Amino acid sequence: MNFLIFFSVEKPKSVLDLLFGSEIEFTNEQLREHIDSITIAGNDTTALVIAYTLVLLGIHQDAQDKVLQEQNSIFGNSKQGATKEDLLKMNYLERVIKETMRLYTVVPIIARNIDSDIYLPHNDITIPSGAGAVVGAFALHRSQAVWGSNADEFDPDRFLPERSINRHPAAFIPFSYGSRNCIGRKFGMIIMKSLISSIIRSYKIEASEVGPLKIEILLFPINGHQIKIRKR
Ligand code: HEM
């Protein structure tokens, strides 16, 4: 297992080093469970978002051109990996990734057990303690009431600051919301931006529509993705 914590000023430490060095002494089983959480929660989610993003860029060539322009403005012709400073400049790519996570919410349903009665004033409904509840993030992200009549269309500029001002903070919840939201959301963004940045600088992508989807905890394309890549 060889995860590194990036951008530390000190010598980078692996996740295991950090877990071993923490104040709490974990049992082997707890250590394994932590590593399981990080790999399972962090791997498939990130890989799926990267794949959906590449497919959407392959379909929307105009967006791919804009991503490439932004990359060229940061890197020129260089193929070097992105630094933290480079990643901060990738505003358009970040909007593309967010729009991908909105349309293809890879954690489409978030489930909770209700442990005390919860009153929902807008609907005048009380969810009783002991009930199970799901937050339908996929449905919320496609809601025309929230995202407008073009909710099903790919429009990364929805995430421009000026178009996001009046949006409810919980309208966009690919990483969930509140105290149990994703602990890896910033790390996930770093991985996704770094990888897509390197791929787009080296390859031109073409893709066909995303076909039917299925939910197996995460959101998978039933037929896989049809994608062509050509060296630039
Ligand atoms: C695009 C990538 C990712 C997406 C879309 C995503 C999404 C989510 C969502 C929706 C939850 C809440 C699930 C629930 O409450 O049922 C969650 C929790 C979690 N995520 Fe992520 N995640 C991503 C990347 C990562 C990465 C890279 C890591 C670790 C390095 C990670 C670690 C975790 C952990 C440990 C939890 C449980 C947090 C808790 O229960 O307090 N995730 N993630």
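Each ligand, and each atom within it, is numbered from 1 in the order the structure gives. Quick caveat: nothing in here was measured; it's all calculated off a predicted structure. No hydrogens, no waters, no symmetry mates; every other heavy atom, side chains included, goes into these values. Just so you know, residue 1 is the first one in the sequence shown, and it goes up from there.
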same_hphob_cluster(Ile229, Leu68) at 4.5 Å side-chain heavy-atom cutoff: yes

Atom indices of ligand 1, in the order listed, that fall short of 4.0 Å to a heavy atom of Val49: 1 (C)

Proximal candidate to atom 32 (C) of ligand 1 [heavy atom criterion; set Ser179, Pro108, Ala41, Ala47]: Ala41

Pick from His34, Met192, Arg112, Lys186: the one approaching atom 15 (O) of ligand 1 most closely through a non-hydrogen atom: Arg112

Mutual orientation of the aromatic rings belonging to His60 and Phe154 [parallel < 30°, tilted 30-60°, perpendicular > 60°]: parallel

Arg185 touching ligand 1 at heavy-atom level, < 4.0 angstrom: no

Closest to atom 23 (C) of ligand 1 (judged by heavy-atom distance), picking from Asn43, Ile109, Val134, Thr45: Thr45

Contact atoms of ligand 1, heavy-atom distance to Val107 under 4.0 Å: 7 (C), 10 (C)

Path from Phe187 to Leu88 over hydrophobic side-chain contacts below 4.5 Å: no

Within 45° cone and under 6.0 Å: Arg167 NZ/CZ vs Phe159 ring: yes

Proximity to ligand 1 by part of Val106, non-hydrogen separation under 4.0 Å: side chain

Pairs touching residues 212-230 that satisfy salt bridge (Lys or Arg N to Asp or Glu O under 4.0 Å), sequence neighbours left out: Glu206-Arg230, Lys214-Glu216

contact_flag Met189 ligand 1 heavy-atom lt 4.0 Å: no

N or O pair under 3.5 Å between Asn181 and ligand 1: no

Contact partition for Cys182 relative to ligand 1, non-hydrogen atoms under 4.0 Å: both

CG/Leu31: more than 12 non-hydrogen atoms of other groups inside 6.0 Å: yes

Per-residue contact class, Phe187 against ligand 1 - non-hydrogen pairs under 4.0 Å: side chain

More than 12 heavy atoms of other groups within 6.0 Å of Lys186 NZ: no

Ile110 neighbourhood, listing ligand 1 atoms whose heavy-atom distance to it stays under 4.0 Å: 14 (C), 15 (O), 16 (O)

Which of the ligand 1 atoms, numbered from 1, are nearer than 4.0 Å to a heavy atom of Pro174: 5 (C), 7 (C), 10 (C)

Protein contact to atom 12 (C) of ligand 1 [nearest heavy atom, distance to 0.1 Å]: Ser176 CB, 3.7 Å

Shared hydrophobic cluster, Val134 / Ile215 (ILVMFWY, side-chain heavy atoms < 4.5 Å): yes

Closest protein heavy atom (residue, atom, distance) for atom 26 (C) of ligand 1: Gly42 CA, 3.3 Å

Atoms in ligand 1 with a heavy atom of Ile183 nearer than 4.0 Å: 32 (C), 33 (C), 34 (C), 35 (C)

Cluster link Met90 to Leu160, ILVMFWY, side chain under 4.5 Å: no

Pair Glu29 + Arg32: basic N to acidic O under 4.0 Å: no

Arg180 NZ/CZ over Phe175 ring centroid, <6.0 Å and within 45° of normal: no

Taking atom 6 (C) of ligand 1 as the reference point, the nearest protein heavy atom with its distance: Phe175 CD2, 3.6 Å

Residue and atom name of the nearest protein heavy atom (relative to atom 41 (O) of ligand 1), distance in Å to one decimal: Arg180 NE, 2.7 Å

